[in-house]
Amino acid sequence: MSANSSHFNSSSLNATNQKIRVRSRRSSSVGRIDLGDTVSGLGTMYESRYSKNAAQQRMKRLTDEGRNDIDLIKKMWYSFREVNYRHAWVTPLIIMILSYSAYFTSGNLTESNPLHMFVAISYRVDNTDMYSKGIKDLAFVFYYMIFFTFLREFLLDVVLRPLPNWWNVDSRHRSKRIIEQAFYVVYYSFSSPFGLYCMYHSDLWLFRTDTMYKTYPDTNNPFLFKVFYLGQAAFWAQQACVLALQLEKPRKDHDEMVYHHIVTLLLVWSSYVFHFTKIGLAVYITMDISDLFLSISKILNYLNSPFTEPVFVFFICVWVYLRHVVNIRILWSVLTQFRTVGNYTLNFATQQYKCWISLPIVFILIFALQAVNLYWLFLIVRILYRILWKGITEDTRSDNEGSDESDSQEDSQEETKKEQ
């Protein structure tokens, strides 16, 4: 009798363990779309125990009884820090309000105003629509890094935050990811048409490669072309700063993302300084349009939408054409047209840098970008393989979603400590 009872208990235990291993929630068969060059926002990043404790200490200081004016000033400072901790867009907004107010109320909107190089494009050529380049462009990029910090955090914190509730998303992790990807949909929905508009009004339409070298050096650019180029530089620099601060839990492809951002910023800087801006414009557009459909695919995946698979397949087609076919055509043009189309000489006086020195540098940088895109293509094809040949239907929650559960466990542990 005891042997049968022991056998029954053992069988029950095994059955229980098997049940524990089964995930109850089924996500899309696309699985984890944990790839691409997007970076988390400050307001949706992982909140460590240290940051939580720091916030509690600030709140405690705010409740302390003040005895003099110094204590009141300290409380104001702690209040300001707490507001910035909860709403990362407040300080950038203050900086922008002060800068724009000082600029537009000064009565001097020309380049002689020191604030002009921050808030507006500099180096206009006479009374034309063309603009040259100079050191003041760095001030413009720096200022609009602040602008993108405000825009991103404000949209994440105020405008896009209700989306998960509207879509009945109950997971905190998925809610954060949906909000982040929604921002990228908003940004790329603006930048992609903007870039295509600049390309349409140039001689690069449909990614022509010969015109990238025919008019070199392109020392001057039209107004909208320069706005788009420097705006993109500010956006990528802002992303790189957030990534460098390591304020988020690293993804599995964290090293590849760092590598991608370094290569991208080197391409941005070198193409602008050495006048290969037409190549840069084409590369910008290939990244923006493909990232737009990547973000849409991620949102649909987080929502377990039935449209996830067809949109994901369409995204693959867009990705392969833009990030591989077009970029490889540009790489091939560097080998075949770089020397034969337009001037090919080194002349510092005329800023002519299309020569034997710049050829391998341009090729290596674009090839380095292609290398990380090929790595991400491998991840994309692996997901597609699972859809078409393995028909994966089990739960495929990302490893990051486990962090959501650990966060909630940390919160409950801290609340228990408080009660004790």
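Note that these values count all heavy atoms, side chains included, but never hydrogens, waters or copies made by symmetry.
Distance check, rounded to the nearest 0.5 Å: NZ of Lys226 to OG1 of Thr277 gives 11.0 Å. Between atom NZ of residue Lys176 and atom CD of residue Gln181 there is a gap of 14.5 Å, rounded to the nearest 0.5 Å. Interatomic distance, Ile179 CD1 to Arg174 CZ, rounded to the nearest 0.5 Å: 12.5 Å. The distance from atom CG of Asp137 to atom CZ of Phe140, rounded to the nearest 0.5 Å, is 8.5 Å. Note that OG1 of Thr211 and CZ of Arg208 are 5.0 Å apart. Values are rounded to the nearest 0.5 Å. Annotation: the span from Phe315 atom CZ to Leu294 atom CG amounts to 4.5 Å, rounded to 0.5 Å.
Taking 4.5 Å as the limit, some side-chain heavy atom of Leu365 sits within range of a side-chain heavy atom of Ser270. Here the side chains of Leu160 and Glu180 are not in contact, with every heavy-atom distance at 4.5 Å or above. At a threshold of 4.5 Å between non-hydrogen side-chain atoms, the residues Phe274 and Trp269 count as touching. The shortest side-chain heavy-atom distance between Phe104 and Leu109 falls under the 4.5 Å cut-off. In this structure, the side chains of Pro222 and Met130 come closer than 4.5 Å at one or more pairs of heavy atoms. At a threshold of 4.5 Å between non-hydrogen side-chain atoms, the residues Leu359 and Trp356 do not count as touching. Contact annotation: the side chain of Ser297 never approaches that of Leu300 to less than 4.5 Å [non-hydrogen atoms, C-beta and beyond]. Contact check for Thr336 versus Val341: no side-chain heavy atoms found under the 4.5 Å cut-off.
The 12-atom threshold is exceeded at OH of Tyr143, counting heavy atoms of other residues, nucleotides or ligands nearer than 6.0 Å. In Phe190, the CZ atom is not crowded: 12 or fewer heavy atoms of neighbouring residues, nucleotides or ligands sit closer than 6.0 Å. Counting non-hydrogen atoms of neighbouring residues, nucleotides and ligands closer than 6.0 angstrom, the CG atom of Leu98 exceeds 12 such neighbours. The 12-atom threshold is exceeded at CZ of Arg329, counting heavy atoms of other residues, nucleotides or ligands nearer than 6.0 Å.
Residues Asn108 and Ser112 have side chains that bring a donor and an acceptor to within less than 3.5 angstrom of each other. There is no side-chain donor-acceptor pair under 3.5 Å between Glu153 and His87. Using modelled atom types, one finds no donor on one side chain facing an acceptor on the other under 3.5 Å when comparing Thr345 with Asn343. Using modelled atom types and a 3.5 Å distance limit, the side chains of Tyr213 and Thr340 yield no donor-acceptor pair. In summary, the side chains of His275 and Lys133 do present a donor paired with an acceptor at a separation below 3.5 Å, with no hydrogens or angles considered.
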Subject >> Tyr131 vs Tyr123, ring-ring contact (aromatic ring centres under 6.0 Å, His included): CA-CA, chis, key distance, verdict >> reply: CA-CA 5 Å; Tyr131 286 77; Tyr123 302 112; 9.1 Å; no
Subject >> side-chain hydrogen bond (donor to acceptor under 3.5 Å, both in side chains) between Ser132 and Asn220, intermediate numbers included >> reply: CA-CA 4 Å; Ser132 61; Asn220 300 330; 4.5 Å; no
**OP:** Given side-chain hydrogen bond (donor to acceptor under 3.5 Å, both in side chains), test Ser191 with Asp288 step by step and report yes or no.
**Re:** CA-CA 7 Å; Ser191 65; Asp288 284 4; 3.0 Å; yes
Subject >> Verdict with supporting geometry, Thr149 and Gln238, side-chain hydrogen bond (donor to acceptor under 3.5 Å, both in side chains) >> reply: CA-CA 7 Å; Thr149 301; Gln238 191 269 345; 3.3 Å; yes
Subject >> Evaluation steps, side-chain contact (heavy atoms from CB on, under 4.5 Å), between Val158 and Trp89 >> reply: CA-CA 10 Å; Val158 178; Trp89 51 268; 4.0 Å; yes
**OP:** Start with the C-alpha gap between Asp291 and Arg323, add the side-chain angles, then the distance that decides, and say whether salt bridge (charged side-chain N to carboxylate O under 4.0 Å, His left out) holds.
**Re:** CA-CA 10 Å; Asp291 278 338; Arg323 294 219 178 191; 3.0 Å; yes
**OP:** Take Thr209 and Gln337 through the side-chain contact (heavy atoms from CB on, under 4.5 Å) test and state the conclusion after the steps.
**Re:** CA-CA 8 Å; Thr209 56; Gln337 297 176 328; 2.8 Å; yes
Subject >> Derivation of the side-chain contact (heavy atoms from CB on, under 4.5 Å) call for Gln352 and Leu346 >> reply: CA-CA 5 Å; Gln352 170 64 254; Leu346 177 62; over 6 Å; no
**OP:** Test side-chain contact (heavy atoms from CB on, under 4.5 Å) on Leu374 and His324 and set out the steps.
**Re:** CA-CA 8 Å; Leu374 286 171; His324 299 289; 3.7 Å; yes
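Put simply, the side chain of Gln370 never gets that close to the backbone of Asn327: no donor and acceptor are under 3.5 Å apart. Ser333 places a side-chain N or O within 3.5 Å of a backbone atom of Ile330 that can act as its donor or acceptor partner. With hydrogens and angles ignored, the 3.5 Å screen pairs a side-chain donor or acceptor of Glu111 with a backbone N or O of Arg124. Formation of a donor-acceptor pair under 3.5 Å by the Asn347 side chain with backbone atoms of Ala349 is found in this model.
Counting all heavy atoms, side chain and backbone alike, Met199 lies closest to Ala282 at CE-CA, 4.2 Å. Annotation for Gly195 and Ile285: closest pair O-CD1, 3.3 Å, computed over non-hydrogen atoms. When all heavy atoms are compared, the tightest approach of Cys241 to Met145 is SG-CE, 3.5 Å. Counting all heavy atoms, side chain and backbone alike, Val263 lies closest to Leu369 at CG1-N, 3.8 Å. Considering every non-hydrogen atom in both Asp203 and Thr215, the closest pair reads OD2-CG2, 4.0 Å. Smallest separation of non-hydrogen atoms from Ala233 and Val268: CB-CG1, 3.6 Å.
Residues His260 and Trp236 bring their aromatic ring centres within 6.0 Å. If you look at Phe338 and Tyr216, their ring centroids are not closer than 6.0 Å. Taking the six-membered ring for Trp, Phe293 and Phe312 have ring centres at least 6.0 Å apart.
Using a 30° and 60° split on the angle between ring planes, Trp205 and Tyr200 fall in the perpendicular class, above 60°. Aromatic ring pairs are classed by plane angle as parallel below 30°, tilted from 30° to 60° and perpendicular above 60°; the pair Tyr229 and Phe225 is parallel.
Applying the ring-ring contact (aromatic ring centres under 6.0 Å, His included) test between Phe228 and each of Phe223, Tyr197, Tyr144, Phe194 identifies Phe194 as the sole match.
Residues forming a side chain to side chain donor-acceptor pair (under 3.5 Å) with Thr286 (at least two apart in sequence, or on another chain): none.
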